[in-house]
Each structure stands twice: as C-alpha cells, then as structure tokens.
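Notes to accompany the following structure.
None of these values were measured; they are calculated from a predicted model. No hydrogens, no waters, no symmetry mates; every other heavy atom, side chains included, goes into these values. When a ligand or atom number is given, it counts from 1 through the structure's own listing order.
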Amino acid sequence: MTRLALLLCTFTVVLSACQQASKEPVFHDQILAFGTLIEVTLYDTDATTAASVFDELESMYRHWHVAWHAWEPGALTGINAKLAAGETAELDDELLDLLETANRLSLKSGGLFNPVAGQLVSLWGFQGNPLPEGTLPATEDIAAWLIDKPDVHDIVIEGNSIRSSNPRAAYDLGGIAKGYAIDRCIEYIRGRGIENAIVNAGGDLRGIGRHGERAWRIGIRHPRAQKLLAGIELDGDDSVFTSGDYERNFERDGKRYSHIIDPRSGYPANTGSASVTVMHDRAAVADAAATAIFVAGVKDWQQVAERMGIERVMLVDETGNISMTPAMERAVTLPQEPDEEQ
Ligand code: AMP
Ligand code: MG
C-alpha cells in the first residue's frame with residue numbers, strides 16, 4: 001500500500017470513530033485507484049462490518065488497478081500483447097465479463113465508445129506518455145490507425161479465450177472501468193447486508209438506498225467554472241457519470257485536445273460537447289454511455305442515447321448551453337446549488 005493510501009486509511013479510521021461517537025451510523029473510506037480518489041460511504045451499519053467491508057473493497061481495487069491497467073504491466077497489457085501478436089489469450093471470469101460488457105456497449109454505441117482504441121489513446125499521449133510540448137501526433141500515425149480501424153467486431157471471444165483478427169486492437173478500459181468497478185463494489189456491499197451506501201469516484205458514482213431520513217444529494221460540476229451546475233437527489237439505486245473535456249487535456253495554439261477520442265476521425269472529439277452526464281441504474285452503462293454521447297456531440301447525442309437505451313442525459317456544449325432529455329429534466333435541479341454534497 002502506498003504511503004498516501006496508508007495515511008488515508010488512518011484518517012478513515014479516525015473519522016469513522018468520531019462519527020460513531022456522535023451516534024451517526026455513517027462510515028467513510030477513501031481509496032486511491034485508477035488515478036482517482038474513491039470515496040465509499042456506508043450508512044446504517046456497525047463499525048466492525050464497515051471496517052471489514054472497507055478492507056475488502058481496498059483489496060479489490062488494488063487488484064483491479066493492476067489487472068485492468070492499459071499501460072502498466074498487468075493482466076490487460078498481457079492480453080493486449082497477445083491480441084497484437086494474433087495469439088489467443090485466456091481471461092479470468094471477471095475480465096471476461098468486463099470485456100464482454102465493454103464490447104456489448106460499444107456495439108450499442110455504433111462504435112463511438114470504442115474500448116479497443118488503446119493505440120489511438122496512446123498516440124495522443126493519454127496513456128501516461130504526454131506529448132512533448134508544442135507537438136501533436138504524426139498525421140501518418142493517425143492515418144495508419146484509421147486504415148486498420150480496430151473495433152470490437154475484430155474481437156472473438158470463445159469461452160474464456162479471446163483473440164483479435166486486427167493486430168491494432170488494444171483494450172483501453174478508461175471509459176468504463178470506473179463504472180464497472182463501482183457496480184462490483186455495490187454488489188459486494190449489498191452482499192454484506194448493507195442497503196444504504198454510495199461509492200463515488202471523483203464525482204462519478206452509484207448510490208443505493210438513502211442517507212437516513214433523506215435521499216443522497218450529489219452535485220454535477222460545471223465544465224467551464226469552479227461551481228456546481230446541477231444538483232441531483234438519488235433515491236433508490238442510481239448512477240451518475242460525467243465525461244468532460246476538462247478532466248484531462250492539453251492545449252496547442254489555443255485549441256483544447258481532450259482525452260476523449262473520436263474513433264471516426266482519430267482526433268480528440270470535436271463535436272461541440274464540453275460535458276455529458278448520464279444517469280442509469282448500472283454504473284458501467286452510465287460510464288460507457290457518457291463517453292459515447294460526448295463523442296456524438298451536439299448534433300447526434302439524442303440519437304446515440306436512444307440507440308443505447310439511455311433515457312437520462314444532460315449535455316453542456318462548448319458555449320455553456322444545456323440540453324437535456326425530459327427524464328433528465330425531472331431528475332436534476334437547476335440552477336440552484338445543492339446545500340450539501342452527499
Ligand atoms: P471517460 O472519462 O469515461 O469519458 O473515459 C475517457 C477515457 O476512456 C480516456 O482517458 C481513454 O482512456 C478512454 N477513451 C478515450 N476515447 C474513448 C472512446 N471513444 N471510447 C472508449 N474509450 C475511450
Ligand atoms: Mg466513461
């Protein structure tokens with residue numbers, strides 16, 4: 001465990017103890033994984049159960065962080081090497097389910113969510129390899145990727161085996177792993193008999209049950225200002241995921257290049273989106289759909305949402321205009337800010 005994680009755990013224990021003393025049955029944990037601080041809140045359990053749930057979730061994240069990493073050596077980089085060599089790789093059950101989920105959502109998105117575009121993500125320097133100051137990827141490299149254009153149709157999964165007919169296919173699960181992991185956490189938390197909880201990975205989250213007498217309250221960040229754009233009360237079981245061009249990006253000649261890549265052009269999505277927020281009962285679906293709908297942009301967002309069976313979407317365009325589906329309008333509060341987070 002890293003020094004920071006240890007510090008955070010110590011902090012967590014202190015925090016939990018304080019809250020127990022005030023008789024509020026709320027317990028918090030913070031886990032550093034996938035480059036994000038993940039905050040787990042459990043309501044209505046006891047200190048011993050909470051501590052053991054947190055231990056297990058921390059160890060699950062430690063495993064996933066390595067196994068699903070797109071460029072640091074682990075299970076996924078091993079699989080990508082085999083796909084590139086035209087060989088067959090073996091998947092454990094969890095990775096099999098994750099890759100099948102990613103492939104299915106990719107098909108529903110018409111390929112705008114493309115989990116095998118890892119080489120393209122890397123070309124743009126978003127795999128821990130930032131481009132040298134002032135440079136862009138070589139246009140020939142992007143053109144070569146576009147000729148081969150790997151997508152999930154190239155992938156064959158039989159039983160627990162996977163292979164690719166396109167050597168350029170390389171999984172990068174950055175657009176779905178956070179959501180998939182949160183679904184697994186909620187499943188585990190429920191399995192431990194806890195019905196009121198929230199798992200929040202830097203604003204992308206899934207909540208179940210309630211926070212005592214009230215619903216869970218969350219805020220959506222404004223893509224262009226340090227303020228909240230909207231508030232949402234989560235009642236029952238729901239996930240909220242946002243894909244934004246402000247999360248990771250770089251600038252060249254005053255133009256912003258974000259980490260969400262349009263597989264049709266080979267360039268960072270330039271379709272007018274600043275941020276897209278999706279609500280869905282499954283976090284993995286909300287995560288992949290937010291990425292796909294961001295790529296679809298101002299012209300096609302409704303069509304792609306419909307195609308993916310997503311009813312609640314909010315898109316903020318580059319000029320700050322907000323568009324929403326009717327179901328999303330009913331779910332969010334605008335423009336007033338929630339008085340409290342979580
Ligand atoms: P998100 O923040 O969920 O929208 O995911 C963005 C991350 O997903 C990027 O950092 C890449 O790792 C990966 N990614 C970028 N573009 C795409 C795309 N079109 N489809 C799937 N994953 C993508
Ligand atoms: Mg996503």
Tell me, which protein residue and heavy-atom name are nearest [atom], and how many Å apart are they?
atom: atom 16 (N) of ligand 1; value: Ile261 N, 3.0 Å
atom: atom 23 (C) of ligand 1; value: Thr291 CG2, 4.2 Å
atom: atom 15 (C) of ligand 1; value: His259 O, 3.1 Å
atom: atom 22 (N) of ligand 1; value: Asn114 O, 3.9 Å
atom: atom 12 (O) of ligand 1; value: Asp172 OD1, 2.8 Å
atom: atom 8 (O) of ligand 1; value: Gly175 N, 3.0 Å

For [X] versus [Y], what's the shortest heavy-atom pair and its separation?
X: Ser52; Y: Arg192; result: OG-NH2, 2.7 Å
X: Glu318; Y: Ser273; result: CG-O, 4.0 Å
X: Leu83; Y: Ala169; result: CB-O, 3.9 Å

Going by heavy atoms, is [X] under 4.0 Å from ligand 1?
X: Leu173; value: no
X: Phe113; value: yes
X: Arg248; value: yes

Using a strict cut-off of less than 4.0 Å between a Lys/Arg side-chain nitrogen and an Asp/Glu carboxylate oxygen, indicate whether [X] and [Y] qualify as a salt bridge.
X: Arg256; Y: Glu251; value: no
X: Arg282; Y: Asp183; value: yes
X: Arg163; Y: Glu158; value: yes
X: Arg264; Y: Asp262; value: yes

Polar contact flag, side-chain donor to acceptor under 3.5 angstrom, [X]-[Y]:
X: Ser161; Y: Glu90; result: yes
X: Asp317; Y: Thr319; result: yes
X: Tyr180; Y: Asp97; result: yes

- Please state which part of Lys178 comes within less than 4.0 Å of ligand 1, counting heavy atoms only: side chain, backbone, both or neither. neither

- Distance filter under 2.8 Å, centred on the Mg ion (ligand 2) - protein N, O or S atoms that pass it: Gly175 O, Asp287 O, Asp287 OD1, Thr291 OG1

- Query: Under 3.5 Å between some N or O of ligand 1 and some N or O of Leu112?
  - Reply: yes

By number and element, which atoms of ligand 1 are closer than 4.0 Å to a non-hydrogen atom of [X]?
X: Asp287; answer: 3 (O)
X: Ser243; answer: 1 (P), 3 (O), 4 (O)
X: Ile260; answer: 4 (O), 15 (C), 16 (N)
X: Glu247; answer: 2 (O)

- Message: Going by the rule side chain to side chain donor-acceptor pair (under 3.5 Å), which residues pair with His153 if we only count those two or more places apart in sequence or in a different chain?
- Response: Asp151

- Rounded to the nearest 0.5 Å, how far apart are CD of Glu100 and CG of Leu96? 4.0 Å

- Message: With side-chain hydrogen bond (donor to acceptor under 3.5 Å, both in side chains) as the test, pick out the partner of Arg206 among Asn200, Asp237, Asp238.
- Response: Asp237

